[in-house]
Chemist: 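Please find one structure pasted underneath; my questions will follow.
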Amino acid sequence: MGILNVTPDSFSDGGQYALRGDALRQAERMLLDGADIIDIGGESTRPGAPPVPLGEELERVIPLLEQLRRANVPLSVDTYKPEVMRHALSAGADMINDIWGFRMAGAIDAVRDSDCGLCVMHMLGEPQTMQLAEPRYDDVVSDVRRFLEEQVATLQQAGIARARISVDPGFGFGKAVLDHNYALLAHLRDTAPRAASPYPIVAGISRKSMVGAVVGRPAPERVAGSIAAAVCAAERGAAIVRVHDVAQTVDALKIWVTVRDAANASLRAVEPQPHKRS
Ligand code: 8Y4
């Protein structure tokens, strides 16, 4: 999943894609680079960032969405506002990625009658303040899983098919930069609700402080660290990684997939083969 920010204040890319033309070119680039989904966001979720008025978010997201429909690639819209969800779905969005996990009044109703995918993310506190007070958990992995379990149950009780739902532990959203985020990454598979068939896990780590805190570099120089984190996430069960640097991440994941498949092939070689009649 390639990140397409349409915000003039997006701090990791300096707002260089604020203009629609730039955003379209950026989307084209990500498609050529191998993105399977594009995640369009019109409101910066940077801690302390001012909320964007509804009209402005719609103006940023909807025309871009309409243009990108032609590219025939799955489109996700990063929003927690029910009104933006409804407009986005009318304009052809395939997925709604909600950092509030569909907890805002009206969010569930906004997506229920479509067949869009949902990404249900965990967040402790609010974007405005979540990094101010230091976040506390009993056990971060089971606390996050419990939240996601409750929220997917609520969504399914509202009539949303389980096949539409993916889950995300919300790296950086009300987590202690090193302790909580890396516990969640190390145990990523266990952050998802326990179920007979697992919910797809989304992981968004790209260029975040949890990478910066380890590599000691500002956001634009966190590419290699972010790729390593994406591979760790894939290894631990992530089905979708939300990233800025699509080309580099795709290359890294191709190597990981090749190693995984080779490991499976050599395992099969020593497994008993079904008896063949002559
Ligand atoms: C540098 C670059 C530093 C970006 C911080 C950031 C997630 C998400 C965001 C996520 C899902 C961000 C919309 C925050 N993060 N959606 N959205 N999962 N599903 N910060 O982790 O990228 S925005």
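Quick caveat: nothing in here was measured; it's all calculated off a predicted structure. Just follow the structure's listing: the first ligand is 1, and inside any ligand the first atom is 1.
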Chemist: Could an N or O of ligand 1 be found under 3.5 Å from any N or O of S209, whether backbone or side chain?
Modeler: no
Chemist: If I take atom OH from residue Y80 and atom CE from residue M121, how far apart are they, to the nearest 0.5 angstrom?
Modeler: 12.0 Å
Chemist: Which of the numbered atoms in ligand 1 are under 4.0 angstrom from any heavy atom belonging to D78?
Modeler: 13 (C)
Chemist: Parallel, tilted or perpendicular: which one describes the rings of H180 and Y137, with boundaries at 30° and 60°?
Modeler: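 Answer is perpendicular, since the angle exceeds 60°.
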Chemist: Nearest 0.5 Å, what's the SG-CG distance between C116 and L75?
Modeler: 12.5 Å
Chemist: Ligand 1 versus R222, non-hydrogen atoms closer than 4.0 Å: side chain, backbone, both, neither?
Modeler: neither
Chemist: Counting heavy atoms only, which part of R207 comes closer than 4.0 Å to ligand 1: side chain, backbone, both or neither?
Modeler: both
Chemist: With the threshold set at 4.0 Å, does a side-chain nitrogen-carboxylate oxygen contact exist between R60 and E56?
Modeler: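 Yes, R60 and E56 are salt-bridged.
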Chemist: For D115, does the CG atom have more than 12 heavy-atom neighbours from other residues, nucleotides or ligands under 6.0 Å away?
Modeler: no
Chemist: At a non-hydrogen distance cut-off of under 4.0 Å, which region of I99 contacts ligand 1 (side chain, backbone, both, or neither)?
Modeler: side chain
Chemist: Are K175 and H122 close enough that a side-chain donor and a side-chain acceptor fall under 3.5 Å?
Modeler: yes
Chemist: For the CD1 atom of I227 and the SG atom of C232, what is their distance to the nearest 0.5 Å?
Modeler: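 The SG atom of C232 is 12.0 Å from CD1 of I227, to the nearest 0.5 Å.
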Chemist: Counting from 1, what ligand 1 atoms have a heavy atom of C119 closer than 4.0 Å?
Modeler: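 Every atom of ligand 1 under 4.0 Å from some heavy atom of C119: 19 (N).
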Chemist: For atom 21 (O) of ligand 1, tell me which residue out of K208, H244, M210 has the closest non-hydrogen atom.
Modeler: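 Comparing heavy atoms across K208, H244, M210, the nearest one to atom 21 (O) of ligand 1 lies in K208.
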Chemist: Ligand 1 and D168, any nitrogen or oxygen pair closer than 3.5 angstrom?
Modeler: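 Yes - when backbone and side-chain N and O of D168 are compared with those of ligand 1, one distance drops under 3.5 Å.
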Chemist: For ligand 1, which atoms, with element, lie under 4.0 Å from some heavy atom of F173?
Modeler: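 So the answer, numbered in order with elements, is 7 (C), 9 (C), 14 (C), 15 (N), 23 (S).
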